[in-house]
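Single-structure report; data block below.
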Amino acid sequence: MPDPAIQAPEGGGVGAELDNGAFRDRTIAFVRQVIAGGDKVTCDLALSSKRPFRAVVMGFQEGKQIARGEASDAGLCVALKDAARRAVAAAGGAAAMTSALAGARLVVELPDHHESMVESVERPGKGVELVEGLVPVRVLDKPLLARRIEEGKGYLLRVIDPRHKGVHKYYHAPADRLERELHTIYTASTALTLLKLHAYKPDERLLRLATEAAGFMMGMQSREARDRTAGGFFYAFDLERERPERRLVVGTASKSIFTLLELHGVTKDKRYLESAVLAAEWLISMQRPDGSVRSALTGQEGGAWKVQGKDSTLYTGQVLSALSRTYRATNNKKYLDAAARTADYLLARIAEKGCFLGDDYRKPNPISSSWAVQSLLDFAKAGGDQRVEQTVFRCADDLVKRQWRRPEDAYRYGRWQRSLSSSGSGWLAEVMSEVYHHCRKKGTEGCDRYKDAVVAAIRLLLQYTYGPESSFVVKNPQAAAGGVFWSVRDRYVRTDSVCHAMNAYLNMIGELGDGPLLTLPERPLAERMALAAEAPGAADAGLPEDEGEEAAAGQPGPKGEDADD
């Protein structure tokens, strides 16, 4: 490839007075000039630094990195030029650059100066900020949230299997591939979100899809009274073998109860209530006398069932919520008494260990802790115990204090430490929105602290959502649109990440005013570049330190125990 001469623009370079947006736009434009070939290129990026500029230029096409070039020089323009030329060589050289890189999305990084950008889809030839691989959301407002609700709805409709009406757990966006299983719990979660969407904007199609999903769920419910599994729900349906997995998880039954009761409330169809009551009976059979919960039954060779008995705070909370909601739907004190046993068990654990809880599978983490909050809130609504309600607010306040809220940290702002996945962040946002509404209903002071926590978490979730600018790593951007990807390192979409995020959005959008809800300003370009240039070891900073910790939802415990199930 030719080595073009660099010339200054007419009137001279602008230098460090450039703002962040103009700097990114000019950087992408310059790299595009180099890729296009020619004897001369114009560079108006005359920044100076105490350390050399290390530039990395990459090209992405259909989600795959097709080219990469890296170079260093004391001059930014030279470093970018040489990196771009090496990227072209990696793509096949000058003869292939038109077909390879001309239609690719460019990513340009200056790692030693903490600067990264991706070429814009909406503004071709311009740059969009990247922070640790994410397109950050620096301004959150109600119209943006409304758009993401519509996109999330579209995503959920795409993961429903057209034949069986069940829902896939994973969409592997980089490869544009759905897993070959349907999951009862994710079907239940999707149907519940569809009902919330129907309540937000009535749409009979959404109600029909929710009822069809419930049909799949009830088809996955065991009716075998002889082996004491009647009422449980099989965890997954294998599309290759056309049969359910012989595994019954209490979380699957619990979240299915949530959906069935909600659907009964909307349609008044007694089948949904009967299925929910049968599931509640099975959950009671999985309780121990002290209120703790056996997690699952797994089918063995010969037809026997093995009990999984390790303690899970997540499952304990889900069962407590399900039994509390069943009591409210039936007014049958049997379910309130069963819920009380588990509530007493959970309250005793909080009294001993505090609000930040773990279990036999995980160290203390915000996901387990938030399930304690949600389940005790459901129990308080069912039984009216003010002492339980006080525990709910105390433990919710403990979680609020653990949320990252440093405005200069766009990467983590709104996240909870040790909750590294979008599913965990979405679930925490959903729980906090429920606490906020209950606080408002009770007329308690200071409810806005929960609202603020949800708004901060929503901003975080939006930058984990596939849209035009963030889809450079996926094969099919249209199929990924509205999907909430798992993490920076793992770009697949898990359905509960979308459901939890959507539930939080729908719970809060009616509470939000016009204008910016949250703004995280970017530091001036000159300040950022100067600080990065003088900071020893800055290039080795990498991801934030807690990225190395075990993720509460990212490292699941037993099979089937996720933030959602």
Side-chain angles (χ1 to χ4, degrees), residues 184-185 187-189 191-192 195 213-235 247-297 305 307-309 312-346 371-372 374-385 388 560-561 564-565:
T184 307
I185 181 60
T187 304
S189 293
L192 185 62
L195 291 173
F216 170 82
M217 291 160 53
M218 290 188 291
M220 294 286 281
Q221 188 172 33
S222 173
R223 303 283 173 166
E224 289 292 332
R226 291 175 298 176
D227 60 8
R228 299 183 181 181
T229 63
F233 290 82
F234 294 104
Y235 178 68
R247 181 175 177 79
L248 305 169
V249 183
V250 295
T252 303
S254 298
K255 294 298 292 291
S256 295
I257 286 173
F258 292 9
T259 302
L260 292 165
L261 292 178
E262 189 71 21
L263 197 52
H264 174 258
V266 174
T267 67
K268 308 305 178 188
D269 188 329
K270 65 179 183 180
R271 294 178 302 155
Y272 303 129
L273 181 60
E274 290 170 352
S275 178
V277 167
L278 184 61
E281 292 290 331
W282 182 72
L283 289 180
I284 291 175
S285 76
M286 295 295 284
Q287 283 184 304
R288 298 186 182 92
D290 66 354
S292 62
V293 175
R294 301 174 183 90
S295 298
L297 297 177
W305 292 91
V307 177
Q308 182 174 291
S312 163
T313 304
L314 186 149
Y315 284 149
T316 300
Q318 289 172 337
V319 170
L320 175 54
S321 283
L323 293 174
S324 299
R325 295 184 189 200
T326 304
Y327 167 72
R328 295 183 71 191
T330 64
N331 206 32
N332 186 334
K333 195 170 181 295
K334 174 183 181 179
Y335 304 113
L336 183 62
D337 290 342
R341 289 195 294 273
T342 297
D344 287 343
Y345 172 79
L346 193 54
W371 263 110
Q374 179 63 60
S375 61
L376 290 173
L377 176 58
D378 282 327
F379 181 66
K381 290 178 180 179
D385 191 327
V388 175
E561 192 209 37
D564 197 39
D565 61 4

- [ ] Work out which heavy atom in V249 is nearest to a heavy atom in Y235; give both atom names and the distance.
- [x] CG2-CD1, 4.1 Å
Open item on the list: How long is the straight-line distance from CH2 of W305 back to CG of L248, given to the nearest 0.5 Å?
Closed with: 4.0 Å
- [ ] Applying side chain to side chain contact (heavy atoms under 4.5 Å, CB included), run through Y272 and T259 and close with a yes or a no.
- [x] CA-CA 9 Å; Y272 303 129; T259 302; over 6 Å; no
Open item on the list: Testing the 3.5 Å rule here: is there a donor-acceptor pair between the side chains of S321 and Q374?
Closed with: no
TODO: Find out whether M218 and L278 are in side-chain contact, i.e. whether some heavy atom of one side chain is under 4.5 Å from a heavy atom of the other.
DONE: no
Task: Nearest-0.5 Å distance that lies between atom CD in Q221 and atom OG1 in T184 - done: 10.0 Å
TODO: List in chain and number order the residues that pass side chain to side chain contact (heavy atoms under 4.5 Å, CB included) with D337, two or more places apart in sequence or in another chain; answer none if no residue qualifies.
DONE: K333
Task: L283 CG to Y315 OH distance, which is reported to the nearest 0.5 Å - done: 12.0 Å
TODO: May I ask you to decide whether D269 forms a salt bridge with R271, counting only side-chain N to carboxylate O separations under 4.0 Å?
DONE: yes
Task: Smallest separation among heavy atoms of K255 and A188, with atom names - done: O-CB, 3.9 Å
Open item on the list: Less than 4.5 Å apart, side chain to side chain, heavy atoms only: is that true for L297 and V307?
Closed with: yes
Task: Considering all heavy atoms, the nearest T252-S256 contact - done: O-OG, 2.7 Å
- [ ] Answer yes or no: is there an ion pair linking E281 with K334, defined by an N-O contact shorter than 4.0 Å?
- [x] yes
TODO: Could you tell me whether the side chain of T342 and the main chain of G291 form a donor-acceptor pair under 3.5 Å?
DONE: yes
Task: Nearest-0.5 Å distance that lies between atom NZ in K381 and atom CG in L376 - done: 12.5 Å
- [ ] Say whether, by atom type as modelled, one donor and one acceptor occur between the side chain of R294 and the main chain of Q287 under 3.5 angstrom.
- [x] yes
TODO: For the pair R325 (side chain) and E262 (backbone), establish whether a donor and an acceptor sit closer than 3.5 Å, ignoring hydrogens and angles.
DONE: no
Task: Interatomic distance, I257 atom CD1 to L323 atom CG [nearest 0.5 angstrom] - done: 6.5 Å
Task: Non-hydrogen side-chain atoms of L320 and D378 separated by less than 4.5 Å - done: no
Task: From I185 atom CD1 to M217 atom CE, the distance as rounded to the nearest 0.5 Å - done: 8.0 Å
TODO: Taking all non-hydrogen atoms of both residues into account, name the closest pair between A329 and L261 and its distance.
DONE: CB-CD2, 3.7 Å
Task: For R288 against V293, the heavy-atom pair lying closest together - done: NH1-O, 3.4 Å
Task: Smallest separation among heavy atoms of L314 and W371, with atom names - done: CG-CD1, 3.7 Å
